[in-house]
Amino acid sequence: MNNRYIVFLLYLCAGLILSIALVQINNLANNHIPAEASAVPLYLQFRSSQTITLILAFVSVSVLFSREGITRELKRKAYADVTGIKNKHACLEEMSILDCNDTTLNIGFALFDLNNLKKVNDFYGHEKGDELIQSFATILKQASDKKYFLGRFGGDEFIVIIRNCTEEIMETYITKTRQLAETYNRGKATPLSFACGYAISTKNNYFLMDDLLKEADKNMYKNKKLMKSDPLMAPSQLSKILDSERTSFIGKDGLTGLFNHDAFLTVVKKAVLMSEAPQNLAIISSDISNFRYINDTYGYQESNQLLKQFAKELSAQPFCLCACRLYSDNFAFLAELPDISHEDATELIKEWCQHFSSTMNQTYRRSRIIINSGLYFIRESSEGVDSALSYANIARKHTKASPLNILVYSEAMEQTEKTKVEVLNTFHNALQTHEFKLYLQPKILCSDKSICGAEALIRWQKPNGALLYPNEFIPVLEQSGDILEMDYYVYEQIFKYLHQQLTEREKCIPISMNVSRIHLMRPFDFINHIRRLFAKYPIPASLILFELTESTYIQEMSSALLFIDELHKLDIKVSMDDFGSGYSSLEALKDLPFDEIKFDKSFLISSDSNSRKILLQLMSLVNSLNKDIVCEGVESYENVTLLDQCNCDIMQGYYYFRPMPIEEFRRQLKLPT
Ligand code: C2E
Ligand code: CA
Ligand code: CA
């Protein structure tokens, strides 16, 4: 009923009662009874007017009571929260009432705060968040005595006020609440967790309500901090959440049943957000090396079986929260690795990968299965998962150039990746605009220390003045295949230079040029190219040498033999570069088709007497095979005296000359020796 209407009725009744009473009093006082009324006995007149008065009084009293009831109901409604307990307004009023009492002694004030509500809202939406709030209010009610005051103080903050409270009463209440929450959490994907703090006003610690609230708040935060060091989102809980996502998500890879790329990113994003300890999470990108070869050897069906098996075994690992197949043989997964260092976590993943490969190698005996993995540890929950995945991918790609099959992402890797992209983007233009500059490092004859040759070494002079060294761009160009073009550019510059020297009747000494390994894949292209250069710049073949590294020779021996043979047909000498850097066996030495052996600079770096003895022995052995001996990395006078005792023919190193631009080299040649 409308409040104003009730008030109006009330005043109307009061008015009626008053006017009837006035008429009655007037009639009795004046004893003035109208003629027609005199027919009715006076007691009857009196009685009927009394009845009406009573009725009206009754009505007005009922109206008054119902008004009081309605006001109370309205007040109740104004103070009620959607959760069924009191709202903040009521909480504040209760606190001010308690403050107005004679004393607040023995009043207990507990403050509860739900953990992760924001995350639940973000992860599952507000409906789920509301459900948690509602459930918690119910738990508070269930644990409570009728006399306790329960209220929702804010979004996820609740208060409980207990009169005549003791520590024991409060602790019992909180324990009961925790037990009820635990029961509620059983089997729930979104568990309920809360922090709580309380304060009790005692003789020694007498508080006003506001101070009680502050004290309880302080204690609640202490409790929250403690809980953070003990992750609320236990691994099992996080994986439970992801399990529910797994069953509901439609973004799946048809072959393996894992998530597809997009679904994976969505789920990982949520998981990272939900996790209380995101630093325990890592994204791992893995691929099966040589998968194309496995495909060719075993066919699609059997190779697919391998992919399925990988997916199945990976998903079954306790560390794997969710996984996806990005494409082909590329997988990514989110791992949870709590309570162990990043090093141990990496070791754990590595061990699993090795275990998987060795098991699979039993089945796929005609190939060698190796899993390459890149790992990226999540730093914080706000981290972008797209970039986290790309960091893991970068780390995985770095395993290709590393003896290790698992690598953890580092910023240096990203820098390398950026440089790589920049190299590839600018290479062709740089070649056309002659940003590549040829440097020559003189080779010194041991017998008289004269310049007897040189090695061509490339430098990239950037427009901003920076000078890039080969190690910064050659590996990238080798990977992309662009090295072929670069080498041909170098060869042409050398042919041109030698031809010019000859035409100008200047001093001409042999120049060595490096040959990248991938030329061996197309040896005839290489030979034809060199033939064309001879045709364009007619020079004697004795003026050039090609250097092939020891590792290239050992790894591509059959094509290297053919390659060397073709060069020999053109009367071009071939040198084995970086000899002794780790691959050659003495057995292989005797059949070496090389004309020159270039000892790696590592021989001179180590100064112990054993290395020297080995160098001496090796040099005399190579000498007996009738090959020219060059030693690289001559940096000191000691190096020179050591080589003077050996059978070394030629030296190359900073002690004599660093690589220099061609113009400077020409000047050096003109100087009297
Ligand atoms: P490399 O063929 O073994 O070349 C010798 C490297 O040792 C050169 O480095 C040279 O500067 C350096 N060096 C020379 N004397 C000393 C010394 O006394 N001490 C030390 N510590 N180092 C010395 P650079 O020029 O940086 O070249 C590095 C590598 O890049 C070369 O190793 C070669 O494998 C490759 N490279 C250079 N130019 C070309 C090219 O035009 N084509 C191809 N395919 N590879 C090239
Ligand atoms: Ca070389
Ligand atoms: Ca070398």
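Everything quoted here is computed from the prediction, not taken from an experiment. For the single chain, residues carry numbers from 1 onward in sequence order. Read the numbers this way: they start at 1 and go in the same order the structure lists the ligands and their atoms.
Side-chain contact, Asp525 with His519: no donor N or O sits under 3.5 Å from an acceptor N or O.
Within Glu547, the N, O or S atom at minimum distance from the Ca ion (ligand 2) carries the name OE1. When the N, O or S atoms of Asp577 are ranked by distance to the Ca ion (ligand 3), OD1 comes first.
Residues Phe526 and Phe546 place their aromatic rings such that the two centres sit under 6.0 Å apart.
Among the atoms of Asp578, an N, O or S atom is found under 3.0 Å from the Ca ion (ligand 3).
Under a 4.0 Å heavy-atom criterion, Glu455 is in contact with ligand 1. Not a single heavy atom of Glu478 sits less than 4.0 Å from an atom of ligand 1.
Other residues, nucleotides and ligands contribute at most 12 non-hydrogen atoms within 6.0 Å of the NE2 atom of His355.
For ligand 1, the polar-atom distance check finds no N/O of Tyr469 at less than 3.5 Å from any of the ligand's N/O atoms. In terms of N/O distances under 3.5 Å, ligand 1 is not approached by Gln652. Considering backbone and side-chain N/O atoms, Ala456 never comes within less than 3.5 Å of an N/O atom of ligand 1. The N/O atoms of Arg459, backbone and side chain alike, include one that comes under 3.5 Å of an N/O atom in ligand 1.
Only the side chain of Asp487 comes within contact range of ligand 1, with a heavy atom under 4.0 Å; no backbone atom does.
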How far apart are the C-alpha atoms of Tyr656 and Glu635, what are their side-chain angles, what is the distance that settles it, and do they pass the side chain to side chain donor-acceptor pair (under 3.5 Å) test? CA-CA 8 Å; Tyr656 290 103; Glu635 289 185 354; over 6 Å; no

